[in-house]
Amino acid sequence: MTVQSEPLVRKYSENGITTLTLNQPEKRNSLSMAMLEALSATLDEVASDTDTRVVVLAAAGHVFCAGHDLKEVREQFDSHDFQLALFNQCSKVMQQIVNLPKPVIARVAGVATAAGCQLVASCDLAVAADTARFATPGVNIGLFCSTPMVALSRNVSRKHAMEMLLTGEMIGAVKAERLGLVNQVVDEQHLDEMVYELARTIADKSGLTLKIGKEAFYRQLEMPLADAYEYTSKVMADNMMANDAQEGICAFLEKRKPDWQDR
């Protein structure tokens, strides 16, 4: 099978974990319009897949994602409509990840720059190889990373986000962990082991509970304190009426493993 005939995004599911792999290593897994459309369509499939509890977002080759395809961008220099459509499509995909009713773990090996760094920041969790590197280098080419800034500034402190955005300099995985961009940094040889250990831990939970919790997490972040407590109190009361919550409490009290029904 030739590279051209392979899907831009590979999908593999097993034991409640679905792995989505950006599959254009010869183009550094750049977020061309075609790649974004393929990723969007695959995320739509996963959103309605009742067997999937956790998603792992990975990439083929030695680069996680180098951001937008600058050759494609250059070919469309005269088309404001294309540029707007491209950045709107990218923003749509990032919001799909946040709104996906399953937790998403970024498996980061290699470089994640510009929209690739945005992709990592948009995932719920991220595990990086110790050799991974991150940057928002748009300022170096006269194109400020304004859309990557949205996800970045919601994950790291303002001053650290501004430093990355204003300097465009690369940071290593250890610093990325310290800033809060990634959860864990591991030896590259153990990356899959750690990613899938984390994924299996999450996949062992109730799918309904994960969906409720993820949605509530992001909604309450943007609320004033009192509104957040009012909203989450209702969420918990509604959650308590679910079969899985009652089953989980009974299983805990009876010292047995719960039988999740995802309802």
Side-chain angles (χ1 to χ4, degrees), residues 8-10 20-44 55-77 79-100 104-126 128 132-156 160-171 173 176 179-182:
L8 290 176
V9 179
R10 296 200 312 261
L20 306 181
T21 303
L22 305 182
N23 190 37
Q24 206 169 29
E26 73 279 7
K27 290 192 174 183
R28 297 164 62 86
N29 297 309
S30 60
L31 297 181
S32 63
M33 182 65 87
M35 176 66 86
L36 288 166
E37 289 174 346
L39 185 53
S40 178
T42 309
L43 288 168
D44 277 342
V55 175
V56 173
L57 183 61
H62 301 295
V63 174
F64 178 77
C65 179
H68 291 292
D69 184 340
L70 294 182
K71 290 182 179 179
E72 179 182 62
V73 168
R74 183 175 61 182
E75 290 170 359
Q76 299 287 342
F77 269 166
S79 176
H80 181 270
D81 287 345
F82 173 82
Q83 307 297 347
L84 182 59
L86 177 66
F87 294 120
N88 279 340
Q89 181 66 29
C90 186
S91 298
K92 174 188 173 183
V93 167
M94 302 303 164
Q95 291 177 82
Q96 280 182 276
I97 292 171
V98 173
N99 294 326
L100 196 75
V104 182
I105 305 170
R107 174 205 179 276
V108 190
V111 170
T113 54
C117 186
Q118 178 186 9
L119 196 57
V120 175
S122 296
C123 292
D124 305 300
L125 303 170
R133 294 183 297 159
F134 305 84
T136 48
V139 67
N140 296 330
I141 59 170
L143 181 67
F144 201 82
C145 283
S146 297
T147 48
M149 172 174 65
V150 175
L152 184 67
S153 64
R154 283 163 169 74
N155 280 259
V156 307
H160 285 127
M162 284 297 286
E163 181 180 358
M164 290 183 66
L165 292 160
L166 293 173
T167 66
E169 293 182 352
M170 200 80 74
I171 65 170
L179 299 188
L181 183 57
V182 302

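What you see is a predicted model, and the numbers here were worked out from it, not measured in a lab. By convention here, the first residue in the shown sequence is residue 1.
- For Pro25 against Ala60, the heavy-atom pair with the smallest separation is CB-O, 3.6 Å.
- Atom-to-atom distance recorded for Glu37:CD and Lys92:NZ is 8.5 Å, nearest 0.5 angstrom.
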Please table the atom pairs, donor to acceptor, closer than 3.5 Å between any side-chain atom in residues 108-121 and protein atoms at least two apart or in another chain.
residue	atom	partner	partner atom	Å
Thr113	OG1	Ala66	O	3.3
Gln118	NE2	Thr147	O	3.3

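- Across every non-hydrogen atom of Met149 and Ser146, the tightest pair is CB-O, 3.2 Å.
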Next on the checklist: Between Leu43 and Leu20, is the side chain to side chain contact (heavy atoms under 4.5 Å, CB included) condition met? List the steps.
Outcome noted: CA-CA 9 Å; Leu43 288 168; Leu20 306 181; 3.9 Å; yes
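- Applying the side chain to side chain donor-acceptor pair (under 3.5 Å) test to Asp124 and every residue at least two apart in sequence or in another chain returns Lys214, Tyr218.
- Separating the CZ atom in Phe87 from the CG atom in Leu36 is a distance of 10.0 Å, to the nearest 0.5 Å.
- Under the rule for a side-chain contact (heavy atoms from CB on, under 4.5 Å), Glu75 has no partner lying at least two apart in sequence or in another chain.
- Looking at Glu72 and Leu86, their side chains come closer than 4.5 Å, going by heavy atoms from C-beta outward.
- Atoms CZ and CD, on Arg133 and Glu169 in that order, are 12.5 Å from each other to the nearest 0.5 Å.
- Residues satisfying the side chain to side chain donor-acceptor pair (under 3.5 Å) criterion with Arg10, sequence neighbours excluded, are Asn23.
- For the pair Leu181/Leu152, a side-chain contact is recorded, criterion being any heavy-atom separation below 4.5 Å from C-beta on.
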Checklist entry - What do the steps show when you test Met35 against Asp69 for side chain to side chain contact (heavy atoms under 4.5 Å, CB included), and what is the final call? => result CA-CA 10 Å; Met35 176 66 86; Asp69 184 340; over 6 Å; no
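- Residues Leu143 and Val73 are not in side-chain contact: their nearest non-hydrogen atoms beyond the backbone lie 4.5 Å or more apart.
- Across all non-hydrogen atoms, the minimal contact from Leu8 to Ala38 is CB-CB, 4.0 Å.
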Item to check | Ser32/Lys27 under side chain to side chain contact (heavy atoms under 4.5 Å, CB included): CA gap, chis, key distance, verdict | outcome: CA-CA 9 Å; Ser32 63; Lys27 290 192 174 183; over 6 Å; no
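- Rounded to the nearest 0.5 angstrom, Leu39 CG and Ile97 CD1 are separated by 6.0 Å.
- Annotation: side chain to side chain donor-acceptor pair (under 3.5 Å) contacts of Gln96 (sequence neighbours excluded): Ser40, Asp44.
- Residues Leu165 and Phe144 meet the side-chain proximity criterion, which asks for heavy atoms closer than 4.5 Å.
- Annotation for Met162: atom CE does not count as buried by contact number, only 12 or fewer foreign heavy atoms lying within 6.0 Å.
- With sequence neighbours left out, Cys65 forms a side-chain contact (heavy atoms from CB on, under 4.5 Å) with Leu22, Leu31.
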